[in-house]
Amino acid sequence: MKLTAVYEPAAEGGFTCWVEEIPAAISEGETLQEAESNLMEAVKLVLECQRELSDQSRSAASLKRELELAA
């Protein structure tokens, strides 16, 4: 699975960026490379946060398994 990253030039310089499929994954950077690196970190943090929230809200009877999305 591939995600869509959007890099918008910022008026003050650099880039603001986000992932279309993960609205909470937003970042910025002075260069395109820095913005991309920061965006990757933002995606990881969003997913970690979602896992923690899920752990707190699911019942003891729930089943947790990995789901791998093929390319």
Side-chain angles (χ1 to χ4, degrees):
M1 171 182 255
K2 294 183 180 183
L3 302 174
T4 308
V6 178
Y7 300 91
E8 185 73 35
E12 63 277 1
F15 295 89
T16 299
C17 51
W18 63 90
V19 175
E20 287 184 340
E21 297 85 355
I22 307 174
I26 303 168
S27 194
E28 62 184 1
E30 289 299 317
T31 66
L32 188 57
Q33 293 77 17
E34 181 182 19
E36 184 174 53
S37 177
N38 292 343
L39 187 56
M40 292 291 286
E41 186 63 26
V43 168
K44 290 176 187 177
L45 291 171
V46 167
L47 294 177
E48 287 174 11
C49 182
Q50 286 302 120
R51 282 188 194 107
E52 288 176 14
L53 290 172
S54 175
D55 285 345
Q56 294 170 6
S57 64
R58 71 173 190 266
S59 73
S62 66
L63 175 63
K64 184 175 177 179
R65 296 173 52 177
E66 285 188 10
L67 176 65
E68 186 173 333
L69 303 175

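Side-chain atoms are counted along with the backbone in the values below, which use heavy atoms only and exclude waters and symmetry mates. All residue numbers in this chain count up from 1 along the given sequence. From a predicted model like this one, the values you see are computed outputs, not experimental measurements.
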First locate atom [atom1] of [X], then atom [atom2] of [Y], and finally report the distance between them rounded to the nearest 0.5 Å.
X   : Y   : atom1 : atom2 : value
M40 : S27 : CE    : OG    : 12.0 Å
T16 : N38 : OG1   : CG    : 11.0 Å
L53 : R51 : CG    : CZ    : 12.0 Å
I22 : Q50 : CD1   : CD    : 9.5 Å
E68 : M1  : CD    : CE    : 12.5 Å
E36 : T31 : CD    : OG1   : 9.5 Å

remark   = What one should report as the nearest heavy-atom pair of F15 and A35 is CB-CB, 4.1 Å

request  = Specify the closest pair of heavy atoms between L39 and C17, including all atoms of both residues, with the distance to one decimal.
outcome  = CB-SG, 3.9 Å

query = Applying the 4.5 Å side-chain criterion to the ILVMFWY set and letting contacts propagate, would W18 and L32 be lumped into a single cluster?
reply = no

key: Hphob cluster co-occupancy, I26 + V19, side-chain heavy atoms under 4.5 angstrom   =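 No, it is not one cluster - the side chains of I26 and V19 are not joined through contacts under 4.5 Å.
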
query = Short question: side chain of E34, backbone of E30 - any donor-acceptor pair under 3.5 Å?
reply =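 Looks like yes, one N/O pair under 3.5 Å.
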
ask   = Residues two or more places apart in sequence or in another chain: which of them pass side-chain hydrogen bond (donor to acceptor under 3.5 Å, both in side chains) with K2?
value = none

task = For T4, check side-chain contact (heavy atoms from CB on, under 4.5 Å) against everything at least two apart and list the hits.
result = E20, E21

key: Residues clustering with L63 (ILVMFWY side chains joined when closer than 4.5 Å, directly or via others)   = none

